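Small disclaimer: the values here were computed from a predicted structure and weren't measured.
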Amino acid sequence: MTALRRWYGASALHLLLMVGAFALIGYAGVRLLGGDVVGVVVWFVGAAVLHDLVFLPGYSLVDRGWRSVAGRLTGRRRGAGGDDRARVRLINHVRVPAVVSALLFLVYFPLILGPSESYLSKSGLPGHPFAGRWLLVCAVLFAASAAVGAVRYLRVTSGGRPV
């Protein structure tokens, strides 16, 4: 067991759970794509390449730009002295709802941008509420995050214990 932990870096239970999770993901992918194993492999590789070469640099640049704008607005730069903990926490209160909103859009964008006629005819559901509901969820996420961020900011600036 010690040799396995040294080689793998975690317990045997973790390895077993990871193998089971990947087996389940592979099974679901094959079932969803109708037994086309090559299609599943191409889809997984394409998703990994798309994420690593397009999405990761994209959201890294957006995050860097946001940090730059936030630094100019607060008049502080990282490493220039002072306590940057409050600013970093406030940045995280924009990051989290933005990432959740972006993921929801990525998953549901065909419905948010307007469902196709085949979706409407097969489901029998109206196509109009998706964009409004997505915007409402985004507004609630940002409002809740702003409320939590305001409470945390007030606690830090009033000399209380950081949350």
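- A distance of 14.0 Å separates CG of Leu104 from CZ of Arg133, quoted to the nearest 0.5 Å.
- Members clustered with Val62: none, using a 4.5 Å side-chain heavy-atom cutoff among hydrophobic residues.
- Val107 meets the side chain to side chain contact (heavy atoms under 4.5 Å, CB included) test with no other residue; sequence neighbours excluded.
- Sorted by first and then second residue, the pairs that involve residues 56-65 and meet side chain to side chain donor-acceptor pair (under 3.5 Å), not counting sequence neighbours, are His51-Tyr59, Asp63-Arg95.
- Phe130 approaches Leu111 most closely through the heavy-atom pair CB-O, 3.4 Å.
- Take Tyr8 and apply the side-chain hydrogen bond (donor to acceptor under 3.5 Å, both in side chains) test, not counting sequence neighbours, and it matches His14.
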Donor-acceptor pairs under 3.5 Å, side chain of residues 140-148 to any protein atom, not counting sequence neighbours: which ones?
unit_1 : atom_1 : unit_2 : atom_2 : d
Ser145 : OG     : His93  : O      : 2.5
Ser145 : OG     : His93  : ND1    : 3.3

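- The list of ring pair (Phe, Tyr, Trp, His ring centres under 6.0 Å) pairs with a residue in residues 95-116, not counting sequence neighbours, reads Phe105-Trp134.
- Note: the hydrophobic cluster containing Leu113 also contains Val137 (ILVMFWY, side chain heavy atoms under 4.5 Å, direct or indirect links).
- In the hydrophobic clustering of this structure, Tyr27 does not group with Leu16; members are Ile, Leu, Val, Met, Phe, Trp, Tyr whose side-chain heavy atoms approach within less than 4.5 Å, directly or through other members.
- Applying the side chain to side chain contact (heavy atoms under 4.5 Å, CB included) rule to Val99 yields the partners Leu103; only residues at least two apart in sequence or on another chain are considered.
- Under the 4.5 angstrom side-chain criterion for Ile, Leu, Val, Met, Phe, Trp and Tyr, the cluster partners of Leu17 are Leu13.
- For the side chain to side chain contact (heavy atoms under 4.5 Å, CB included) test, residues two or more places apart in sequence or in another chain that qualify with Ala131 are Ile112.
- Qualifying side chain to side chain contact (heavy atoms under 4.5 Å, CB included) partners for Val19, counting only residues two or more places apart in sequence or in other chains: Leu15.
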